[in-house]
Chemist: 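Questions regarding the structure given below will be posed in turn.
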Amino acid sequence: MSAGILFGILAALFQSISYLCTRLFVERHRNDIGTLLALSHIIMGIISVPLVFFLLPQNMPELPGYLPSLLGCTGFYLLGQIFLFSALIKSEASRVSPLLGIKVIILALISFIFLHQHLSLAQWVAVVLCSCSVFLLSTSGKKLHRSSLILIVLACFSYCISDINIKILVDHFKHLGIFHGAVFSAALCYILCGFAGVIFLFAKPHNTTRDTWLYSLPFAFSWLIAMIFLFSCFALIGVVFGNILQSTRGVISIVLGYVIAHLGFEGLEAKITRSVLVSRILAAFLMTVSIALFYYSK
């Protein structure tokens, strides 16, 4: 259990770093998220090939057994990335990242509506608390674009479907050992993502240069590391508890954004006052508490 918690927190940390790397790229390359998505996933796909070759098991499961979860995990993840990157163009990472905590509430609603799971009064209170935290985050500092909020919700929904498929996919390889199976599953996904990146570049040619490849590297490395930890986290403690831990990236992103802005990198993060910082941290913690209350109140 302690390893799963550690993996979840490390995944949140590297995801927060990757969001800043996204801002670094789009500020340099005029919001060209298509190029960043394509190049970074090609890089991650190239890295994943030797991982799969090295970790390939002798008793590989039959392809029809795990292909649906592999495609579901990869496809909905890419869709979520498109929505998320579009939101990051419009808003700072420290505004977007905490709102990704909505993911857990969406997972709960999916369970309630489609799986007919009963919600206790305390859990509905948690939904209200989460809504309050979203309101605090959207009103602290510069006004959050309505379109950004819509994009974040769409990203969260896509990520939820992907997360469910991650757990199913990792379970197909659990006989290899938790970490081995999780890394192998993540590598399979990102090889597919790499092919998607190549197809995108051929379908819509971009003027890629050495500079665009170099500025794609920070996001590619930080995101792939985050995903290896995330797959491992889900394998050990499940999607629900894993997403509770992922809500900590809100606080991490807020603190990172505050530090970076006050170091003079205001192109990545707008400088904010201490009162706005306190408001955002309060909102992020409120969201974390609401998520924990939701899942631990039966």
Side-chain angles (χ1 to χ4, degrees), residues 3-4 6-26 33-56 69-85 88 93 97 100 155 158-159 162-163 165-167 169-170 173 176 178-201 208 212-236 239 242-243 245-246 248-249 252-253 256:
L6 176 62
F7 288 150
I9 293 173
L10 287 172
L13 171 62
F14 280 97
Q15 278 184 296
S16 297
I17 293 171
S18 75
Y19 301 147
L20 290 172
C21 295
T22 301
R23 292 289 296 180
L24 176 66
F25 183 95
V26 298
I33 61 167
T35 298
L36 176 58
L37 276 171
L39 298 186
S40 63
H41 285 88
I42 291 172
I43 293 168
M44 288 187 277
I46 292 171
I47 296 171
S48 296
V49 169
L51 282 177
V52 165
F53 180 78
F54 179 74
L55 298 172
L56 187 67
S69 57
L70 177 61
L71 293 177
C73 167
T74 306
F76 281 101
Y77 155 76
L78 288 173
L79 187 61
Q81 288 293 81
I82 292 171
F83 290 134
L84 177 62
F85 278 42
L88 285 168
S97 182
L100 291 175
S158 300
Y159 286 145
S162 179
D163 286 354
N165 281 283
I166 286 175
K167 182 66 171 88
L169 178 64
V170 172
F173 301 102
L176 304 176
I178 295 297
F179 191 71
H180 184 161
V183 175
F184 183 73
S185 299
L188 285 177
C189 287
Y190 283 90
I191 288 175
L192 283 186
C193 290
F195 280 117
V198 171
I199 292 170
F200 179 83
L201 286 184
T208 56
T212 53
W213 282 98
L214 285 175
Y215 272 82
S216 300
L217 284 171
F219 171 80
F221 280 114
S222 57
W223 186 263
L224 185 58
I225 292 170
M227 290 303 101
I228 288 173
F229 283 129
L230 184 67
F231 275 60
S232 303
C233 171
F234 286 172
L236 283 167
V239 176
N243 272 283
L245 291 171
Q246 287 299 287
T248 61
R249 71 186 156 210
I252 294 171
S253 286
L256 282 177

Chemist: Do other residues, nucleotides or ligands put more than 12 heavy atoms under 6.0 Å from Tyr77 OH?
Modeler: yes
Chemist: Walk me through it: do Tyr19 and Leu84 pass the test side chain to side chain contact (heavy atoms under 4.5 Å, CB included)?
Modeler: CA-CA 9 Å; Tyr19 301 147; Leu84 177 62; 3.6 Å; yes
Chemist: Atom CZ of Phe234 and atom CG of Leu169: how far apart are they, to the nearest 0.5 Å?
Modeler: 12.5 Å
Chemist: Check whether any side-chain N or O of Ser48 sits under 3.5 Å from a backbone N or O of Met44 as a donor-acceptor pair, and report yes or no.
Modeler: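 Yes: the side chain of Ser48 pairs with the backbone of Met44.
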Chemist: Looking only at heavy atoms, which two atoms of Cys73 and Asn165 are closest? And how far apart?
Modeler: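 Looking at all heavy atoms of both residues, the shortest contact is N-CB, 3.5 Å.
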Chemist: Side-chain contact test, heavy atoms from C-beta onward, threshold under 4.5 Å: evaluate it for Phe7 versus Phe179 and give yes or no.
Modeler: yes
Chemist: Looking only at non-hydrogen atoms, find the nearest pair between Trp223 and Ser18 and report the distance.
Modeler: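 Heavy atoms of Trp223 and Ser18 come nearest at CE3-OG, 3.2 Å.
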Chemist: Nearest heavy-atom pair of Ala187 and Leu51: which atoms, and what distance?
Modeler: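 Nearest heavy atoms, Ala187 then Leu51: CB-CB, 4.0 Å.
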Chemist: Looking only at heavy atoms, what is the nearest atom pair of Lys167 and Ala235, with distance?
Modeler: NZ-O, 4.4 Å
Chemist: Do the ring centers of Phe25 and Phe85 come within less than 6.0 Å of each other?
Modeler: no
Chemist: Please name the pair of heavy atoms, one in Ile43 and one in Ala220, separated by the smallest distance, quoted to 0.1 Å.
Modeler: CG2-CB, 3.8 Å
Chemist: Are the side chains of Trp213 and Ile42 in touch, meaning some heavy atoms are under 4.5 Å apart?
Modeler: yes
Chemist: Between Leu224 and Tyr190, is any pair of side-chain heavy atoms under 4.5 Å apart?
Modeler: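 Side chain of Leu224 against side chain of Tyr190, heavy atoms only: contact under 4.5 Å found.
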Chemist: Kindly say whether Leu36 contributes a backbone atom to a donor-acceptor pair with the side chain of Ser40 at under 3.5 angstrom?
Modeler: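 Yes, because the side chain of Ser40 sits within donor-acceptor range (under 3.5 Å) of the backbone of Leu36.
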Chemist: I need the minimum non-hydrogen distance between Gly4 and Cys233, along with the two atoms involved.
Modeler: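 Where Gly4 meets Cys233 most closely, the heavy atoms are O-SG, 3.6 Å.
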Chemist: Quick one: does Leu20's side chain get under 4.5 Å of Ser222's, heavy atoms only?
Modeler: no
Chemist: Check whether any side-chain heavy atom of Val239 sits under 4.5 Å from a side-chain heavy atom of Ile166, and report yes or no.
Modeler: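 No, side chains not in contact.
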Chemist: Do Phe229 and Ile9 come close enough that some side-chain heavy atom pair is under 4.5 Å?
Modeler: no
Chemist: Parallel under 30°, tilted from 30 to 60°, perpendicular over 60°: which one fits the rings of Phe184 and His180?
Modeler: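 Phe184 and His180: perpendicular rings.
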Chemist: Can you check whether His41 reaches Phe195 side chain to side chain, under 4.5 Å on heavy atoms?
Modeler: no
Chemist: I'd like to know if the side chain of Thr74 and the backbone of Leu71 have a donor-acceptor N/O pair within less than 3.5 Å.
Modeler: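 Not a single qualifying donor-acceptor pair exists.
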